[in-house]
Amino acid sequence: MKYTQLGRTGLKVSRLVLGTMNFGPQTDEPTSHGILDAALDAGLNFVDTANVYGWGENKGRTEEIIGTWFAQGGGRREKAVLATKVYGSMSHDGETWPNEDRLSALNIRRAVEASLKRLGTDYIDLYQFHHIDRRTPFEEIWQAIDVLITQGKILYAGSSNFPGYKIAQANETAARRGMVGLVSEQCLYNLYERRAEMEVIPAAQEYGLGVIPWSPLHGGLLGGVLKKETEGKRRTEGRAAETLADPAKRAQFQAYEDLLDKHGLAPGEVGLAWLLTRPGVTGPIVGPRTVEQLESALRALELELSDEVLTGLDEIFPGPGPSPEAFAW
């Protein structure tokens with residue numbers, strides 16, 4: 001396993017992040033535990049979840065599954081770097097009561113306590129804001145986080161789905177309070193969706209945040225979807241089907257698969273390996289539903305992409321270019 005520092009911190013994390021969003025809704029508890037054990041055995045120590053995972057009437061279920069895994073002992077909690085998130089409503093009756101969501105000091109306090117209980121642990125390594133809260137000032141948010149750090153209930157704070165200016169605003173406010181501030185940003189970033197390169201990733205690099213890309217294969221579209229479709233192994237649905245319905249976009253993905261087929265490379269592994277070459281990226285989040293899918297993701301760590309392949313990928317999926325040049329003279 002390869003490790004790196006999480007942003008400007010001294011915390012060492014694996015270059016792949018185990019995403020757990022499927023645990024509960026799609027993957028049962030025994031299989032989820034098997035994936036967690038396989039990840040830890042491979043040296044993958046960075047585990048990401050969120051309080052809302054489980055979804056619908058089962059919000060919190062994913063954290064509970066991780067908690068029962070920790071409860072098995074064997075150094076599982078001590079070896080893992082645990083990340084979870086706060087923002088979304090935890091209401092199970094479809095009606096959000098006031099102060100049950102967003103980033104007020106009250107909700108942050110309640111959400112941490114509830115997550116700790118579900119996870120069966122007394123501290124969270126990385127506590128992430130799942131979205132920006134336009135109603136709550138960062139002074140209030142950091143006051144709440146400062147208390148939790150002092151209490152030993154969280155160690156670091158991170159963001160998710162933040163625009164560049166909010167990363168700057170958050171960390172400038174934290175600096176005025178003498179706090180470390182955000183140490184990571186979890187954002188949508190992959191070969192097909194590269195808008196984060198304009199503002200989000202530069203802001204993260206400027207302020208020393210590690211970048212943690214989610215949906216690294218863009219919902220499976222970068223995992224060889226056209227070949228699987230032809231072979232009858234996968235039926236494209238939802239947003240993926242809508243994307244491929246556009247002839248120009250379908251041609252892009254066909255060119256991608258043709259390029260990798262020419263070099264004997266697996267599309268899913270290349271999608272992850274490409275992210276590992278990008279400046280500022282700590283590691284992409286992989287969300288396996290089976291141990292076999294985890295093993296495929298782990299192979300990306302050993303994959304070295306040639307200059308020819310990297311150039312070809314940029315030609316097929318060009319980035320937006322730097323800001324402000326991408327939209328100015």
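Residue numbers start at 1 and run along the sequence shown. Only this structure's heavy atoms are used, side chains among them; waters, hydrogens and symmetry mates stay out.
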More than 12 heavy atoms of other residues, nucleotides or ligands under 6.0 Å from [atom1] of [X]: is that the case?
X: Arg195; atom1: CZ; value: no
X: Asp246; atom1: CG; value: yes
X: Glu206; atom1: CD; value: no
X: Glu304; atom1: CD; value: no

Output the distance between atom [atom1] ([X]) and atom [atom2] ([Y]), rounded to the nearest 0.5 Å.
X: Ile108; Y: Trp142; atom1: CD1; atom2: CH2; answer: 9.0 Å
X: Trp69; Y: Glu29; atom1: CH2; atom2: CD; answer: 13.0 Å
X: Leu301; Y: Ser14; atom1: CG; atom2: OG; answer: 8.0 Å
X: Tyr53; Y: His130; atom1: OH; atom2: NE2; answer: 4.5 Å
X: Arg76; Y: Ile66; atom1: CZ; atom2: CD1; answer: 13.5 Å
X: Glu140; Y: Thr173; atom1: CD; atom2: OG1; answer: 12.5 Å

Determine, for [X] against [Y], whether the closest basic-nitrogen to carboxylate-oxygen distance falls under 4.0 angstrom.
X: Arg61; Y: Glu64; result: yes
X: Arg194; Y: Asp314; result: yes
X: Lys153; Y: Asp122; result: no
X: Glu197; Y: Arg278; result: yes
X: Glu308; Y: Lys262; result: yes
X: Arg110; Y: Asp101; result: no
X: Glu269; Y: Arg299; result: yes
X: Arg118; Y: Glu113; result: no

- Task: With side chain to side chain donor-acceptor pair (under 3.5 Å) as the test, would you mind laying out the steps for Asp48 and Gln186 before giving the verdict?
- Result: CA-CA 10 Å; Asp48 177 75; Gln186 190 175 131; 3.2 Å; yes
Is [X] linked to [Y] within one hydrophobic cluster, defined over Ile, Leu, Val, Met, Phe, Trp and Tyr using a side-chain heavy-atom separation of less than 4.5 Å?
X: Ile141; Y: Leu182; result: yes
X: Leu222; Y: Leu275; result: yes
X: Leu310; Y: Leu217; result: yes
X: Leu148; Y: Phe138; result: yes
X: Val291; Y: Leu40; result: yes

Main chain of [Y], side chain of [X]: is a donor-acceptor contact present, judged purely on distance under 3.5 Å?
X: Thr27; Y: Thr31; value: no
X: Thr290; Y: Gln293; value: yes
X: Thr20; Y: Phe23; value: no
X: Glu100; Y: Met90; value: no
X: Glu63; Y: Gly60; value: no
X: Asn45; Y: Lys12; value: yes
X: Ser215; Y: Gly219; value: yes
X: Lys59; Y: Ser89; value: yes
X: Asn171; Y: Gly181; value: no
X: Glu193; Y: Tyr189; value: no

Any idea which heavy atoms bring [X] and [Y] closest together, and the distance?
X: Thr282; Y: Gly7; result: OG1-N, 4.2 Å
X: Ala50; Y: Thr84; result: CA-OG1, 3.3 Å
X: Met198; Y: Ala326; result: CE-CB, 3.8 Å
X: Gly88; Y: Asn51; result: O-ND2, 4.5 Å

Is the ring pair [X]/[Y] parallel, tilted or perpendicular, if the boundaries are 30 and 60 degrees?
X: His218; Y: Tyr192; result: tilted
X: Phe253; Y: Tyr256; result: perpendicular
X: His131; Y: Tyr87; result: tilted

Side-chain heavy-atom pair [X], [Y] within 4.5 angstrom cut-off:
X: Thr62; Y: Met21; value: no
X: Gln205; Y: Pro279; value: yes
X: Leu244; Y: Leu226; value: yes
X: Leu265; Y: Leu303; value: yes
X: Leu276; Y: Pro284; value: yes
X: Val281; Y: Pro213; value: yes

- Task: Take Leu294 and Leu44 through the test side chain to side chain contact (heavy atoms under 4.5 Å, CB included) and record every step on the way to the result.
- Result: CA-CA 10 Å; Leu294 173 64; Leu44 196 162; 4.2 Å; yes
- Check against side chain to side chain donor-acceptor pair (under 3.5 Å), Gln252 and Lys249: CA-CA 5 Å; Gln252 268 187 302; Lys249 292 176 181 177; over 6 Å; no
- Message: If you apply the rule side chain to side chain contact (heavy atoms under 4.5 Å, CB included), what do you find for Thr243 with Leu221, and how did you get there?
- Response: CA-CA 9 Å; Thr243 300; Leu221 284 169; 4.0 Å; yes
- Taking the hydrophobic residues Ile, Leu, Val, Met, Phe, Trp and Tyr, and joining any pair whose side-chain heavy atoms are under 4.5 Å apart, which ones share a cluster with Leu188? Leu6, Leu11, Val13, Val17, Phe46, Val81, Tyr123, Leu126, Leu155, Tyr156, Val180, Val183, Ile212, Trp214, Ile285
- Message: Under the criterion side chain to side chain donor-acceptor pair (under 3.5 Å), I'd like the reasoning laid out for Ser160 against Gln128: C-alpha separation, chi angles, the key distance, then a yes or no.
- Response: CA-CA 7 Å; Ser160 182; Gln128 301 163 108; 5.9 Å; no
- Evaluation steps, side chain to side chain contact (heavy atoms under 4.5 Å, CB included), between Cys187 and Glu185: CA-CA 6 Å; Cys187 60; Glu185 160 59 19; 3.4 Å; yes
- Message: Quick one, Leu209 with Ile167, criterion side chain to side chain contact (heavy atoms under 4.5 Å, CB included). Give me CA distance, side-chain angles, the key distance, then yes/no.
- Response: CA-CA 9 Å; Leu209 280 66; Ile167 290 172; 3.8 Å; yes
- Task: Carefully, step by step, assess Thr4 and Arg15 under the rule side chain to side chain donor-acceptor pair (under 3.5 Å).
- Result: CA-CA 7 Å; Thr4 189; Arg15 292 223 65 199; 5.2 Å; no
